[in-house]
Amino acid sequence: MTALLALDPASLMTLAMLVWVLSGIACGLLAGAAKISSLISGTGGMIASVAVILAAILMLSNGTSVTLTLPVLPYRASFSPLNALLLLAMSVTALCSSLYACAWLANARPRQRARTGSLCNLLLAALTAAAISANAAELIMMMEMAALCAYFLIVQTDDVKSRRAGLNQFLSGRLGTLCLILAFALLHRAGGSLDFEVVRHTTFTPGTKSLAFLLALAGFGLYAGIIPLHAWVPQSHSSAPAHAAALFSSALMKIGIIGIVKVGLDLLGAPPLWWGLMVLLLAILTAFIGGLYALMEHDIRRLLAYHTLENVGIILLGVGGAMVGVALNLPLLASLALLAGLFHLFNHGLFKTALFLGAGEIEMQTGIKDMEKLGGIARLMPWTAVAMLIALMSMAALPPLNGFASEWLLYQSLFQLSASHVFIARLLGPLLATGLALTGALALMCIAKVFGVTFLGSPRSQAAAEATPAPRMMTLSSVLLALLCVLSGVASPWIIPHFSAVAASVLNASVLPAAAHGVVFSDTSAVSAPMIALLLLGMPLLPWIIAAALRGSRLPNRSRGDAWACGYGHCAAMVVTATGFAQPLRVMFAPLYRLRQHMTPVPLVAALHRGWLGAFCRRLALIELAVLLVVAFA
């Protein structure tokens, strides 16, 4: 208790993991009592999340790296600024997801309540342990446990799509784990240790380093969903409960990204140039294809999952730019690119969790995930509509929201890449900036599609017409995240120095001078997020003030009728559809859309999705999860 009162990060982390595990077990045992079990699971998740947030803030303020054994738990943990940033990004979204779960679990069936409440909390405990792991064995074991929890969250229902999604995730996770085992086994064979601190100070041959990096990139890339290793992502996010899908996007996949950062920039020393170029090419491919495929989706959660892939690509643009900067001995490029990637990793968790939770509210109140059957929801669920609009604007990087701040940093880093003395870097800089601009245009189209088709117009189904506001705790969770999107965007000049310090600790470099003075970035140009916010608020007010001052006597009120539809009576069928909105792009990029049909051999997929293999995988996953739990608590 004394240690907790002193706000010791190690004790706070121990408290969080124990609360997650114990509250999950209690939820499962008391599943028959809806209010009690849901309150225990959700409140326990919130308490644990707050403890992790406090621990992460203390680690960031300390600014040093230390490895120690957690009290009570026999677990070696590494407390570093990078790990603290990952914990902060995961726990803020976990806090709001747990608040959402309080209401969602109370309305679920007892069996589903027991399974979801316990598995979500165990998932968060495993991901938290993975984030602070001090050696490769702990990291792989905890990532495997988290992936197995995700698998059981996906296959809760017996429909074919959920079983297929679960099997895809199971096979992808096992393949990713195998790649990581091979990568670290290679490093262990050459250096004699799996401890990250020992690996960090071991000299490897170039061949060993490159092979280990490729294996680690494949392993972590499968968890992060890098295209073409993304097959498990879209349907998994659609099949799991909405708050679990939010955790997949904001926590599970982020572990994969940070794994790439650790291997590419920390554990193996200075990377060669081709590592960074490879990551940059995979990043822009993931960003563009993810945004393009999102436009064709009608299932709102599949659409958001593809946009998660797009943002994974954007984050990796920063990671790849940092690797190129280190390889070319350009410290400004490396620091700025990694700062941009880490800041966008944090921002993406905020707006994407708000979107998934908002989509979950719509699904719960209407029973519909297909946007084609929605419409007119803004009048019936106004707070959900406002929260999702803010999150969608942030996803499209519109000022002054947080998505704009991090993407502006990324553009600046790409401009720095264009000024490099190496020809390939000078060539790639403008091309990558153009690709990032194209993904921004696709995201803008998605705003119009999602908000216009889902929230505006007339309802296209009886369920949409009869929708009612979601429970208050569910609505509050998405509204809080939307407010955080606004705050972290407007306050970005004061937030960015802390992220710059994390990037400097990874690169063993000094903090960017511009970031230290609270500017978004500038060597040649500056952007003040607070000033942009004031201008955006003032621009609509100025015409209103002028009109109010100069207008004369008002005309009498006029009667209002139905919308004019070229002489015909307006009906719901006349409202723009998601299919019609995206049809021009479907025609323009038809060859890229056809690639999705050929990426997986059809006979292999048909064989893998047979019932007997699915049942075998479920039994194997259950046995493996039980073994990992025994090992973890032994």
Side-chain angles (χ1 to χ4, degrees), residues 14-52 73 90-91 93-130 141-158 162 166 169-170 173 236 239-248 250-252 357 360 473-474 477 617-634:
T14 300
L15 172 66
M17 287 190 280
L18 288 176
V19 169
W20 265 319
V21 173
L22 294 177
S23 60
I25 293 173
C27 177
L29 295 176
L30 300 173
K35 291 185 178 180
I36 295 176
S37 62
S38 59
L39 191 62
I40 289 174
S41 178
T43 305
M46 287 188 283
I47 292 172
S49 299
V50 170
V52 175
L73 299 177
M90 294 193 305
S91 55
T93 55
L95 174 63
C96 294
S97 296
S98 298
L99 177 62
Y100 175 99
C102 288
W104 187 91
L105 291 171
N107 293 278
R109 300 186 305 275
R111 183 178 178 183
Q112 190 179 30
R113 183 183 307 119
R115 197 168 183 175
T116 304
S118 56
L119 285 172
C120 278
N121 284 12
L122 183 58
L123 171 70
L124 286 168
L127 289 174
T128 301
M141 184 175 71
M142 290 302 161
M143 289 183 68
E144 181 74 1
M145 187 183 297
L148 291 172
C149 291
Y151 167 76
F152 286 112
L153 285 167
I154 295 165
V155 296
Q156 293 192 66
T157 57
D158 293 329
S162 295
Q169 189 274 343
F170 181 84
S236 297
S239 299
H243 60 289
L247 295 177
F248 295 171
S250 62
L252 178 60
L357 298 186
M473 284 189 288
M474 299 175 75
S477 62
C617 288
R618 282 194 293 274
R619 292 188 181 91
L620 181 62
L622 187 60
I623 294 170
E624 187 179 357
L625 182 59
V627 170
L628 288 174
L629 286 172
V630 170
V631 172
F633 286 99

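Between Leu39 atom CG and Leu30 atom CG the span is 11.5 Å, to the nearest 0.5 Å. Taken from CH2 in Trp104 to OG in Ser41, the straight-line distance is 10.5 Å, to the nearest 0.5 Å. Once rounded to the nearest 0.5 Å, the distance linking CG of Leu124 with OG of Ser49 reads 6.0 Å. Note: Phe248 CZ to Cys149 SG = 9.5 Å, rounded to the nearest 0.5 Å. Separation of atoms OG (Ser97) and CG (Leu123) is listed at 10.0 Å; rounding is to 0.5 Å. For the atom pair CZ of Arg113 and CG of Asn107, the computed distance is 8.5 Å after rounding to the nearest 0.5 Å.
The shortest heavy-atom contact between Gly117 and Cys27 is CA-SG, 3.8 Å. Of all the heavy atoms in Ile154 and Gly166, the pair that sits closest is CG2-N, 3.5 Å. Minimum heavy-atom separation, Met473 to Ala103: CE-N, 4.1 Å. Residue Met17 comes nearest to Thr128 through the heavy atom pair CG-CG2, 4.4 Å, listed as atom of the first residue, atom of the second, then distance. Here the closest heavy-atom approach between residue Thr116 and residue Leu153 is recorded as CA-CD2, 3.9 Å. When every heavy atom of Glu144 is checked against every heavy atom of Gly173, the shortest pair comes out as OE1-O, 4.2 Å.
Under a 3.5 Å cut-off, the side chain of Thr43 and the backbone N or O of Ile40 do not form any donor-acceptor pair. In this structure, the side chain of Ser38 engages the main chain of Lys35 through a donor-acceptor pair within 3.5 Å. Under the 3.5 Å distance criterion, the side-chain polar atoms of Gln169 are matched with a main-chain donor or acceptor of Ala147. Of the possible donor and acceptor atoms, one in the side chain of Ser118 sits under 3.5 Å from a partner among the backbone N and O of Arg115.
Between Leu148 and Phe170, the closest side-chain pair of non-hydrogen atoms falls below 4.5 Å. Between Leu73 and Leu18 the shortest side-chain heavy-atom distance falls below 4.5 Å. Taking the side chain as every heavy atom from C-beta outward, Val52 and Trp20 approach each other to under 4.5 Å. Counting heavy atoms from C-beta on, the side chains of Asn121 and Val21 never come closer than 4.5 Å. Put simply, the side chain of Leu357 reaches to within 4.5 Å of the side chain of His243, judged on heavy atoms.
Every side-chain hydrogen bond (donor to acceptor under 3.5 Å, both in side chains) that Ser250 has, sequence neighbours left out, goes to Thr93. Residues that satisfy the side-chain contact (heavy atoms from CB on, under 4.5 Å) test with Leu29, not counting sequence neighbours, are Ile25.
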For Leu105 and Gln112, run side-chain contact (heavy atoms from CB on, under 4.5 Å): C-alpha distance rounded to whole Å, both residues' side-chain angles, the deciding distance at 0.1 Å, then the answer. CA-CA 8 Å; Leu105 291 171; Gln112 190 179 30; over 6 Å; no
Before you tell me yes or no, could you show the steps for Met46 and Leu99 under side-chain contact (heavy atoms from CB on, under 4.5 Å), namely the whole-Å CA-CA distance, both residues' side-chain angles and the distance that decides it to 0.1 Å? CA-CA 7 Å; Met46 287 188 283; Leu99 177 62; 3.9 Å; yes
